[in-house]
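Residue numbers start from 1 in every chain, and the chains themselves are labelled A, B, ... in the order their sequence lines are given, proteins ahead of strands.
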Number of protein chains: 2
Amino acid sequence: MPATDASSASNMRSLERAIDVLEVLDSSTQPLRLSEISRRAGLHVATTKRILTVLESRGRVEHDEAGFRAGLALLFGAHAYLESSPLVAHARPVVQELASVTGYTASLFARSGLARAVVLRVEGTSPMRYVLPTGERLPLTLGAGKVLAAYLEPDELERLVESEQDHPSATGERQTRAELDRDLAAVREQGYYFALQERAIGVGSIAAPILNAEGRCVAGIQIAGRVQELTELREQEVAVEVRRAAAVIAQKLG
Amino acid sequence: MPATDASSASNMRSLERAIDVLEVLDSSTQPLRLSEISRRAGLHVATTKRILTVLESRGRVEHDEAGFRAGLALLFGAHAYLESSPLVAHARPVVQELASVTGYTASLFARSGLARAVVLRVEGTSPMRYVLPTGERLPLTLGAGKVLAAYLEPDELERLVESEQDHPSATGERQTRAELDRDLAAVREQGYYFALQERAIGVGSIAAPILNAEGRCVAGIQIAGRVQELTELREQEVAVEVRRAAAVIAQKLG
DNA sequence: TGACGTGGTTTCATTCTGTGATAAAAACTA
DNA sequence: TAGTTTTTATCACAGAATGAAACCACGTCA
């Protein structure tokens, strides 16, 4: 993860920078040293330290010999989001239904910046022990992420491909820009995307975008299963269900 | 929730204030209007708005006609915490074990400021549909929270009782300071606490503190079940298991 | 042993950010 | 319509946030 763009001419520099620091910690599962954080965030060490000290005193960062990590207090925010988001409230029964109808693990996900996060997940009948847990930062350029990428503004898409130039798929293949564009176009035409082993090995998924009244993509819904259980044979059949679920949520959102 | 203490003479005022705003949103499941947030956080409206604008542009706050809510990007932090915390890593198998041995729902929780959050939870054999979900902000003065309160510094305890003066228990009873002190002393003497319907109606719990090498309380572990399934008869028996689990985690933490 | 590199902490003068009073513009009420 | 509340916009000033520099604590290597 390269340094976040320090260009932002915000009117609250220190807060922007604190969020830069948080984003660095958010996307690391290992403790990071002060110097490493300042490097990744593109900030002066002194600045980084001041920010970390405040965040730590508020429980949003933890700290030991090994370095700095995300803090316990961050759980509160996630809980509040899941409890208060209308998207989540409307989608929950639909995701549930999709899982039980198809038997696959069903998930709702949404975009945040140039990444996405799984927001809701319901296990299917054959539980997958490959975990795709709530809150993980996932790319937009692989697998189900593409249904979100397909509705980015052109300039956002450009920023995305620049920043993600080196995200090989799970099988090690590297997709060209042309391939990506083709997939995104397919999403817009067919209203769904069928991915095999793009983001995780042995796993396939069928995903559909959720569009609001203005045609903006506000989230995506997907089912996922082991590749051997998710053959092309059922593609059509399952895709219909996924798209139907997406439509129901979209309609509920008004 | 009263206005957070604005006294803090930090060296990063704007960041402190941004966190004040986040805490207001963290502890509300409903959307809040700008003016309401500024009131609760004890900040000027203009200041509050500037902060919210930045947070929203970074996905940490969402916004519609109904007001401001926690944002999707907050999920990333929670995920990072759960993945990177050594406490969580060490405790996970122990919590699992405790749930399967006792048959009750087992949880790990930790303190953040003057509240606590559930960090980990494993359902028992008779799944409880009263949810005590990860990340909810729970009081220290009721139920299992007391095992954390029992090890607060004296001045912290004072601040706690001041701020929580009006937290009646689930059954509507209001505990006196003397009762609280008695319970906290009991925790320190017996090494566990048996709570019946303090925080939630129909529910009881047995909790134990997890103390590190220096005798500081770093977390708590508990089992919870319906009152009719958690009689005094089994208290001793189950308490032994809970304490054992706490000891194992403490030892792993070194 | 001493020179060097790396990572962390502290200090302090300068500057530009963050602040909040004020006011205007919306959004509601009645 | 006028009255009330909430939100947005403006701007001059204070002081908060900044980053250079110096300092400390480690290692490692010659």
Q: Starting at atom CD1 of B/I51, determine the distance to atom C1' of C/dG20, rounded to an integer number of angstrom.
A: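 Taking atom C1' of C/dG20 as the reference, CD1 of B/I51 is at 13 Å.
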
Q: Inspect the surroundings of CD in A/E158 and state if more than 12 heavy atoms from other residues, nucleotides or ligands are less than 6.0 Å away.
A: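 Yes, enclosed.
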
Q: I want to verify a distance call: between D/dT7, C/dT9, D/dT18, whose nearest atom is closest to the B/M12 side chain?
A: D/dT18

Q: Please compare A/F68 and B/S14 by the position of their nearest nucleotide in DNA chain C and report the one closer to 5'.
A: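 Residue closer to the 5' terminus by nearest nucleotide: A/F68.
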
Q: Under 3.5 Å, is there a donor on one side chain and an acceptor on the other for A/S84 and B/T29?
A: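 Result is no, nothing qualifies.
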
Q: Look at B/R33 and D/dT5 and indicate whether a side-chain polar atom (N or O) is within less than 4.0 Å of OP1 or OP2.
A: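 So the side chain of B/R33 is outside the cut-off, no N or O lying under 4.0 Å from OP1 or OP2 of D/dT5.
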
Q: Which one, C/dT9, C/dG20, C/dG7, comes nearest to the side chain of A/L34?
A: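 Minimum distance to the A/L34 side chain belongs to C/dT9.
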
Q: May I ask you to verify if any side-chain N or O of A/K49 is less than 4.0 angstrom from the OP1 or OP2 atom of C/dG8?
A: no

Q: For residues B/L148 and B/F109, determine if any side-chain heavy atom of one lies less than 4.5 Å from a side-chain heavy atom of the other.
A: yes

Q: OP1 or OP2 of D/dA17 less than 4.0 angstrom from a side-chain nitrogen or oxygen of B/R17, does that happen here?
A: no

Q: For the base of C/dG20, is there a side-chain donor-acceptor partner from B/R50 under 3.5 Å away?
A: yes

Q: Nearest whole angstrom, please: distance from the P of D/dT18 to the CG of A/D20.
A: 11 Å

Q: Figure out the CG/P separation between A/L15 and C/dT19, and round it to whole Å.
A: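 Rounding to the nearest Å, CG of A/L15 and P of C/dT19 are 9 Å apart.
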
Q: In whole Å, I'd like the distance from the CD atom of A/E16 to the C1' atom of D/dT18.
A: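 The distance from CD of A/E16 to C1' of D/dT18 comes to 16 Å, rounded to the nearest Å.
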
Q: Let me know the distance between CG of A/N11 and P of D/dA17, rounded to the nearest Å.
A: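 Rounded to whole Å, this separation is 15 Å.
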
Q: Is a donor-acceptor pair below 3.5 Å formed from side chain A/R39 to base C/dG7, judging by atom type as modelled?
A: no

Q: Would you please confirm or rule out a distance under 4.0 Å between OP1 or OP2 of D/dA17 and any side-chain N or O of A/T47?
A: no

Q: Does A/Q30 CD have over 12 foreign heavy atoms under 6.0 Å away?
A: no

Q: C/dG18 phosphate, OP1 or OP2: any side-chain N/O from B/R13 under 4.0 angstrom?
A: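 Negative; the distance criterion is not met.
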
Q: Of B/L43 and A/H44, whose closest DNA chain C nucleotide lies nearer the 5' terminus?
A: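 Its nucleotide being nearer the 5' end, the pick is A/H44.
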
Q: Measure from CG on A/L52 to P on D/dA17 and round the result to the nearest Å.
A: 15 Å

Q: Quick one: does A/E83's side chain get under 4.5 Å of A/V88's, heavy atoms only?
A: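 No - every pair of side-chain heavy atoms lies 4.5 Å or more apart.
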
Q: With respect to the phosphate group of C/dG8, does any side-chain polar atom (N or O) of A/S35 fall under 4.0 Å of OP1 or OP2?
A: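 Yes, because at least one side-chain N or O of A/S35 sits under 4.0 Å from OP1 or OP2 of C/dG8.
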
